[in-house]
Amino acid sequence: MITPLNRRFLLRERPAGDFDPKILERVVEPVPRPGPGQALVRNLYLSLDPTNRVWMGERASYLPPVPLGGVMRGVAVGRVIASNTPRYRVATNVLGMLGWQDYALVSDRDEFPVQTLPRFLPAPLTATLGALGVTGMTAYFGLLEVGQPGRGETVVISAAAGAVGSIAGQIAKLRGARVVGIAGTREKCDWLTRELGFDAAVCRRDADWRAQLQAACPKGVDVDFENAGGEIMEAVLDLMNRHGRVVLCGMISQYGNDDRGMAGPRNFANLLTRRIRLQGFIILDYIPRFPLAQLRMLWWMKRGRVRDRYTVVRGLDQAPRALVQLFNGENFGKLIVEIDEPNAPTAR
Ligand SMILES: NC(=O)c1ccc[n+]([C@@H]2O[C@H](COP(=O)([O-])OP(=O)(O)OC[C@H]3O[C@@H](n4cnc5c(N)ncnc54)[C@H](OP(=O)(O)O)[C@@H]3O)[C@@H](O)[C@H]2O)c1
């Protein structure tokens, strides 16, 4: 008889500096049984996000830190396989904070209740973690609500070939903006300009990247969709026009600064002298407005006006090492782990 097992990744240490996969410990436990009011979910795809690194740190951010010894927090999509609650029916797909594990127990009283997905999804399940999920919605609301680019304005996007950036750039093109992406390799830059319609792309690893950025923005910058922070943010702020907008979406270059805290740009005073509006935003605040935005995104996707791309890593055991991709820039588009069947010795 096969005994089903639950692989789980527990946070054993707080990260210091760059994320080290060794701070997550793989344990194998029996699959839990759902109690009253609970359902058991088999996880299928796990979303890997830069914010996973933030959640591992000691400081509270917009969510409390993952407790030491606790299962690593993560967004995943899964299928209900047993249920003691009418809220989650067997065979339904659900999306939410299901964690880095094969199986999750969910209940009506969870701090972050999972969302039930429609039975007939008009897109692959992976899209619920990408363009139709949190990352796509971050691009949508960040750009349209916070950045508000006008026709002919220049929008600069850092981490432009990633999950959020690649979608934000395409939406900015739909708004008639001139779109300049910043990415980590020439291959990514070519993808942005040749396939996604960006007007220009700058490789942040080129020695003359600042000069390239300036040349790509002959009329200055009106909207900075900021994903990187650090020296990239400073370079963009130096090019910004009066009354420009900074969409402070993320600061990935700073996520390893646990001891010092995340540093702001040294040319912060540009905001004052150039009358720039900077707004930080967290996508969780927009969840009630997702349905309409998702319909619009789907409409664009079906017409080929927004294209989504995924880097899919196979096997839950690969998750810790795969997360490194977000920090060394290996991923194209949305990084996802496809959860496999546990192959630990189980026969009895
Ligand atoms: N505010 C919100 O609610 C919200 C929601 C989701 C995501 N975010 C933020 O949005 C940003 C993008 O997230 P994502 O999920 O779409 O990840 P992603 O862009 O798919 O992956 C991260 C990318 O960041 C770039 N990067 C890594 N280290 C960097 C560094 N030191 N300097 C500059 N770039 C660096 C790499 O691309 P290159 O090597 O190509 O530059 C890497 O591929 C992150 O800052 C994330 O925290 C915010």
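Side chains included, hydrogens not; waters and symmetry mates left out as well; all remaining heavy atoms used.
- Val80 is not connected to Phe112 by any chain of hydrophobic side-chain contacts under 4.5 Å among Ile, Leu, Val, Met, Phe, Trp and Tyr, and they are in different clusters.
- Using bins of under 30°, 30° to 60° and over 60° for the plane-to-plane angle, the ring pair Phe225/Phe281 lands in the perpendicular bin.
- Between Arg87 and Asp108 there is no salt bridge, since no side-chain N of the basic residue sits under 4.0 Å from a carboxylate O of the acidic one.
- Cluster annotation: Leu5 and Leu44 are assigned to distinct hydrophobic clusters (Ile/Leu/Val/Met/Phe/Trp/Tyr, side-chain heavy-atom contacts under 4.5 Å, transitive).
- Considering Arg245, Lys219, Arg175 as possible partners of Glu153, the one that fulfils the side-chain hydrogen bond (donor to acceptor under 3.5 Å, both in side chains) test is Arg245.
- Atoms CG and CD1, from Leu272 and Ile276 in turn, are 9.5 Å apart once rounded to the nearest 0.5 Å.
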Item checked: Worked check of side-chain contact (heavy atoms from CB on, under 4.5 Å) between Ser107 and Gln38 -> CA-CA 4 Å; Ser107 94; Gln38 289 186 321; 3.9 Å; yes
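- No more than 12 heavy atoms of other residues, nucleotides or ligands lie within 6.0 Å of CZ in Phe268, so this atom counts as exposed by the packing criterion.
- Note that Arg309 lies in the cation-pi zone of Phe332, set by a 6.0 Å cut-off to the ring centre and a 45° limit from the axis.
- How far OH of Tyr286 is from CD of Glu145: 5.5 Å, rounded to the nearest 0.5 Å.
- Taking 4.0 Å as the cut-off between side-chain N and carboxylate O, Glu231 and Arg204 do not count as a salt-bridged pair.
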Item checked: CA sep, side-chain torsions, deciding dist, call: Ile157, Ile182, side-chain contact (heavy atoms from CB on, under 4.5 Å) -> CA-CA 6 Å; Ile157 301 178; Ile182 301 174; over 6 Å; no
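- Neither side chain, Asp49 nor Thr51, offers a donor N or O lying under 3.5 Å from an acceptor on the other.
- With a 6.0 Å cutoff to the six-membered ring centre and a 45° limit on the axis angle, Arg73 counts as a cation-pi contact of Trp55.
- Between the side chains of Gln101 and Asn43, no donor N or O sits under 3.5 Å from an acceptor N or O.
- With respect to Arg266 and Asp238, no salt bridge is recorded, no charged nitrogen being found less than 4.0 Å from a carboxylate O.
- At a cut-off of 3.5 Å, with distance as the only test, a side-chain donor of Asp222 or Asn241 sits close to an acceptor on the other residue.
- Hydrophobic clustering keeps Leu46 apart from Val41 (ILVMFWY residues linked when any side-chain heavy atoms are closer than 4.5 Å, directly or through intermediates).
- Nearest heavy atoms, Gly57 versus Pro65: O-CB, 3.1 Å.
- Of all the heavy atoms in Pro320 and Trp100, the pair that sits closest is N-CZ3, 3.7 Å.
- Residues near Leu292 contribute nothing to a hydrophobic cluster around it, because no ILVMFWY side-chain heavy atom sits closer than 4.5 Å to its side chain.
- Taking 4.0 Å as the cut-off between side-chain N and carboxylate O, Asp317 and Arg26 count as a salt-bridged pair.
- One finds the CD1 atom of Ile23 at 12.5 Å from the CD atom of Glu25 (value rounded to the nearest 0.5 Å).
- Scanning both residues, Val66 and Arg14, for their nearest heavy atoms gives O-NH1, 2.8 Å.
- With Phe19 as the aromatic partner, Arg53 does not meet the cation-pi criteria of under 6.0 angstrom to the ring centre and within 45 degrees of the ring axis.
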Note to self: Test side-chain contact (heavy atoms from CB on, under 4.5 Å) on Val236 and Ser158; report intermediate values, then the result.
What the structure shows: CA-CA 9 Å; Val236 180; Ser158 46; over 6 Å; no
Check: Could you go step by step and tell me if Leu24 and Leu10 meet the side-chain contact (heavy atoms from CB on, under 4.5 Å) rule?
Finding: CA-CA 5 Å; Leu24 293 164; Leu10 309 184; over 6 Å; no
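- Counting only residues at least two apart or in different chains, salt bridge (Lys or Arg N to Asp or Glu O under 4.0 Å) contacts with residues 273-284 are absent.
- No chain of hydrophobic side-chain contacts below 4.5 Å, direct or via other Ile, Leu, Val, Met, Phe, Trp or Tyr residues, connects Trp300 to Leu295.
- In terms of heavy atoms, Pro15 sits closest to Met56 at CD-O, 3.3 Å.
- No side-chain donor from either of Lys334 and Thr126 sits under 3.5 Å from a side-chain acceptor of the other.
- Remark: the Tyr103 side chain and the Arg8 side chain contain no N/O donor-acceptor pair separated by less than 3.5 Å.
- A side-chain contact (heavy atoms from CB on, under 4.5 Å) with Leu117 is found for exactly one of Thr128, Val94, Thr92, Leu132, namely Thr128.
- By the salt bridge (Lys or Arg N to Asp or Glu O under 4.0 Å) test, Glu330 is found to be paired with no residue, residues two or more places apart in sequence or in another chain being considered.
- Side chains of Tyr255 and Asn257: no donor on one and acceptor on the other come within 3.5 Å.
- In terms of hydrophobic clustering, with Ile, Leu, Val, Met, Phe, Trp and Tyr side chains grouped at heavy-atom distances under 4.5 Å, Val71 and Val337 are assigned to different clusters.
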